[in-house]
Amino acid sequence: LPCEITVRPLVIGGRRGAAVVIVDRSRDEHTEQMRRDFVANVSHELRTPLTALMGFIETLRGPARNDAAARDRFLDIMEREAGRMNRLVADLLSLSRVEQDERSRPAQRVDLAALLRGEAATLAPAARAVGVELRFEGIEDEVLVPGDADQLVQVFHNLVENGVKYGGSGGVVTLSLTHIPHEPVLRGPAWSVTVADQGEGIAPEHLPRLTERFYRVDTHRSREQGGTGLGLAIVKHIINRHRGRLKIESEKGKGSRFIVILPDGSSRI
Ligand code: ADP
């Protein structure tokens with residue numbers, strides 16, 4: 001174990017001895033290692049689109065200089081790569097903001113039912129465009145929880161987007177809201193929002209690591225779909241800030257369910 005040991009002389013009741021203080025530094029080392037990995041990952045993620053951009057700039061200056069068709073094709077690719085960098089930087093900023101915010105609890109109350117209905121309406125056209133039907137099965141009444149509306153929108157936006165991306169064309173993504181009278185881990189009443197898809201599912205060995213930054217089951221597929229690998233990390237931090245929990249259930253070939261459980265604050269604020 002990485003640790004720090006100091007020995008100090010000590011006198012107790014006239015008797016001389018020594019105190020040995022052992023400080024376990026393994027957590028510090030772990031944090032430091034995580035930080036190093038994160039910086040290495042960010043650099044790598046930024047370098048991939050940057051290398052492509054530089055390559056195409058060179059080609060446009062050189063061999064493709066007078067080829068109008070090639071120029072249009074390369075500009076399209078360059079736009080896509082620049083878009084990827086843009087999304088990555090936006091997600092990094094979001095992540096750092098939600099990590100900062102985690103120390104304070106959200107002070108407002110949010111109508112969860114209205115928020116979900118709004119999200120379903122906003123995201124349905126984009127889902128339909130790739131052959132996915134998005135449904136909201138919920139509650140008509142107001143459902144108040146202590147929360148930050150912008151952050152909760154981000155949670156459900158990321159989860160629905162993943163359901164649509166990984167759910168496969170022709171499928172249905174369902175957003176549903178239910179009440180839990182007594183949630184055992186939160187030890188009280190709670191609201192549960194399930195985002196369910198009918199995609200290929202996730203093998204059990206990946207489930208515990210899905211919310212790690214940059215963890216992807218299939219990196220190539222995620223990149224192809226424009227993913228940054230940060231969506232679920234952002235989701236996890238926002239839910240932590242709301243003192244909630246995230247459960248992920250999935251069966252290979254059947255689909256996945258991302259369940260967000262938020263404390264029912266209606267009686268507390
Ligand atoms: P990404 O930007 O890659 O989608 P996320 O953090 O949102 O990053 O998700 C991490 C990984 O978890 C994804 O790359 C994908 O492999 C997996 N994943 C997330 N949601 C689903 C889902 N609904 N079905 C299958 N796999 C999923």
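Atoms within a ligand are numbered from 1 in the order they appear, just like the ligands themselves. Below, all heavy atoms of this structure are taken into account, side chains as well, without hydrogens, waters or symmetry copies.
Counting heavy atoms under 4.0 Å from ligand 1, residue V217 touches it through both backbone and side chain. Residue-level proximity to ligand 1 for I202 is carried by the side chain, the only part with a heavy atom below 4.0 angstrom. Only backbone heavy atoms of Y215 (N, CA, C or O) come within less than 4.0 Å of ligand 1; its side chain stays farther off.
Interface atoms of ligand 1 facing S256, defined by a heavy-atom separation under 4.0 Å, are 24 (N). The ligand atoms of ligand 1 that sit less than 4.0 angstrom from a heavy atom of G229 are 1 (P), 2 (O), 3 (O), 6 (O), 8 (O). For ligand 1, the atoms lying closer than 4.0 Å to a non-hydrogen atom of D197 are 22 (C), 23 (N), 24 (N). Distances below 4.0 Å separate heavy atoms of K165 from the following atoms of ligand 1: 1 (P), 2 (O), 4 (O). Annotation for ligand 1: atoms under 4.0 Å from non-hydrogen atoms of T228 are 2 (O). In summary, the atoms of ligand 1 found under 4.0 Å from a heavy atom of L210, numbered by their order in the structure, are 12 (O).
The pair R35-E32 meets the salt-bridge criterion, with a side-chain N (NZ, NE, NH1 or NH2) lying under 4.0 Å from an Asp/Glu carboxylate O. Salt bridge annotation for R216-E45: present, with a cationic side-chain nitrogen under 4.0 angstrom from a carboxylate oxygen. Here E81 pairs with R84 in a salt bridge; the nearest charged N to carboxylate O distance falls below 4.0 Å.
Closest to atom 14 (O) of ligand 1 among all protein heavy atoms lies R216 CG, 3.2 Å. Remark: minimum distance from atom 3 (O) of ligand 1 to any protein heavy atom is reached at S222 OG, 2.6 Å. Y166 CB, 3.4 Å is the protein heavy atom nearest to atom 24 (N) of ligand 1. Among all non-hydrogen protein atoms, the one lying nearest atom 7 (O) of ligand 1 is N162 ND2, 2.8 Å.
Closest of all the heavy-atom pairs between R243 and E102 is NH1-O, 4.0 Å.
Taking hydrophobic clusters as Ile, Leu, Val, Met, Phe, Trp and Tyr residues chained together by side-chain heavy-atom distances below 4.5 Å, V160 shares a cluster with V130. Linking ILVMFWY residues whenever their side-chain heavy atoms come closer than 4.5 Å, directly or via other members, places L232 and L175 in the same cluster.
In this structure, G199 falls outside the shell of residues with a heavy atom less than 4.0 angstrom from ligand 1. Under a 4.0 Å heavy-atom criterion, N158 is not in contact with ligand 1.
Within 6.0 Å of atom CZ in R8, 12 or fewer heavy atoms from other residues, nucleotides or ligands are found, so the atom counts as exposed in its surroundings.
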- Message: One pair to check against side chain to side chain donor-acceptor pair (under 3.5 Å): R97 and Q100. What are the steps and the verdict?
- Response: CA-CA 5 Å; R97 231 175 335 212; Q100 285 278 328; over 6 Å; no
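Considering backbone and side-chain atoms alike, G227 places every N or O at 3.5 Å or more from each N or O of ligand 1. Taking any N or O of A233, backbone or side chain, none lies under 3.5 Å from an N or O belonging to ligand 1. In terms of N/O distances under 3.5 Å, ligand 1 is approached by G231.
Within the set V160, L232, L88, D91, the minimum heavy-atom distance to atom 5 (P) of ligand 1 is found for L232.
D150 and Q154 share no donor-acceptor pair across their side chains, judged by distance under 3.5 Å alone.
Within the 3.5 Å criterion, the main-chain N or O of W191 finds no donor-acceptor partner in the side chain of D264.
Contact of the R241 side chain with the S104 side chain is registered, since non-hydrogen atoms from C-beta on lie closer than 4.5 Å.
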